[in-house]
Q: 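The structure under discussion is supplied below as C-alpha cells; questions concerning it will follow.
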Amino acid sequence: IALSGAILAFLYFLSARGGFGFDACEYFIAAEDWLEGRRPYRDFFFTKTPGILFLTAFLFQWVSSAASWIPLYVLLINVAWAAAAAWAVTPLMGTKVARWVFPISLAAGLCCMINFWNTEQPLTLLVALAAGLELRNADGRREWTGWVAGLLLGLAVLFTIKAVELERGV
C-alpha cells in the first residue's frame, strides 16, 4: 500500500508540478550568473545560503543546463533521503518498521514541498545520514561517527539555516 502511494505521489508530481517550486527560478538564474563569472552576494542578490547555488551550478556545468533533468534529480534525491531515513531509524525501530519508513517517506516527500527543486532535499539527506551515524554508535565505540555526523550537519547549514535547529535535535 505504501509503495503504491509513493508511485501515485510521483505520478502526481510529474503531472501537476514538474519539479519547479517557488524558488527554483531564482536558483537557476543565480547559477547561470555565477557560471558567467558574477559572484553571489557581491554582484547579484541571492536570498538563500550558498549550498543550493553550488549544487545547481555544478549540475548545470557537469550534467545539463536544461530544465528537463529537474524531475529526475528530484526523484533521485527523494529516493536517497527516504533510504537514509529508513537506514537511520533501523537501530531504534528494527528492520520490520524501518521497511515501511522508506515508502512512506518517499510518498510524503513527493506530495509535499520537497517535491520541488529546493534546499530541503539536500538538508534532509544530510541530517538523516548524520542521525543514522549517531544512532548506530549509541555504545560510543566508534569515535569517528561523531566527527562525520558533525561534518554532515555542518554541510547541511550550507543549504539552509534551518539545519541549526535540526542539529540541536540530533
Side-chain angles (χ1 to χ4, degrees), residues 1-24 27 48-56 58-59 62-63 69-170:
I1 293 171
L3 185 57
S4 299
I7 291 169
L8 289 173
F10 182 64
L11 292 175
Y12 165 75
F13 155 72
L14 284 180
S15 65
R17 309 237 178 148
F20 297 96
F22 306 110
D23 298 336
Y27 304 152
K48 302 289 184 178
T49 50
I52 194 70
L53 176 60
F54 295 149
L55 181 60
T56 306
F58 174 81
L59 291 171
W62 298 104
V63 179
W69 57 269
I70 296 292
L72 179 62
Y73 162 77
V74 172
L75 174 64
L76 292 176
I77 199 150
N78 274 290
V79 166
W81 84 261
W87 175 77
V89 300
T90 302
L92 287 178
M93 301 180 175
T95 52
K96 274 189 175 180
V97 174
R99 230 180 283 154
W100 291 98
V101 170
F102 174 79
I104 291 168
S105 298
L106 184 58
L110 291 172
C111 284
C112 299
M113 275 299 287
I114 227 164
N115 67 349
F116 298 125
W117 173 269
N118 61 28
T119 58
E120 280 74 21
Q121 296 142 332
L123 167 72
T124 53
L125 176 60
L126 292 168
V127 170
L129 291 172
L133 280 173
E134 285 299 306
L135 288 170
R136 289 174 183 282
N137 190 33
D139 58 6
R141 283 193 243 162
R142 295 177 296 275
E143 290 182 22
W144 62 270
T145 60
W147 290 97
V148 174
L151 178 63
L152 291 170
L153 292 173
L155 287 173
V157 173
L158 289 175
F159 288 95
T160 179
I161 204 67
K162 293 177 216 170
V164 174
E165 297 167 13
L166 292 172
E167 285 179 20
R168 282 189 236 146
V170 173

Q: Test side-chain contact (heavy atoms from CB on, under 4.5 Å) on Phe54 and Thr49 and set out the steps.
A: CA-CA 10 Å; Phe54 295 149; Thr49 50; over 6 Å; no

Q: Could you tell me which residues satisfy side-chain contact (heavy atoms from CB on, under 4.5 Å) with Val89, sequence neighbours excluded, listed by chain and number?
A: Met93, Ala98, Val101

Q: I need the minimum non-hydrogen distance between Trp87 and Leu129, along with the two atoms involved.
A: CZ3-O, 3.6 Å

Q: In chain order, what residues pass the side-chain contact (heavy atoms from CB on, under 4.5 Å) check against Trp62, with sequence neighbours excluded?
A: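 In terms of side-chain contact (heavy atoms from CB on, under 4.5 Å), with neighbours along the sequence ignored, Trp62 is linked to Phe58.
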
Q: List for me each residue that meets side-chain contact (heavy atoms from CB on, under 4.5 Å) alongside Ala128, sequence neighbours excluded, and say none if there are none.
A: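 Per chain and number, Ala128 pairs via side-chain contact (heavy atoms from CB on, under 4.5 Å) with Ala84.
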
Q: As an exercise, state the distance from CZ of Phe102 to CH2 of Trp81, rounded to the nearest 0.5 Å.
A: 10.0 Å

Q: Using 0.5 Å steps for rounding, measure from the CG atom of Leu125 to the CG atom of Leu152.
A: 8.5 Å

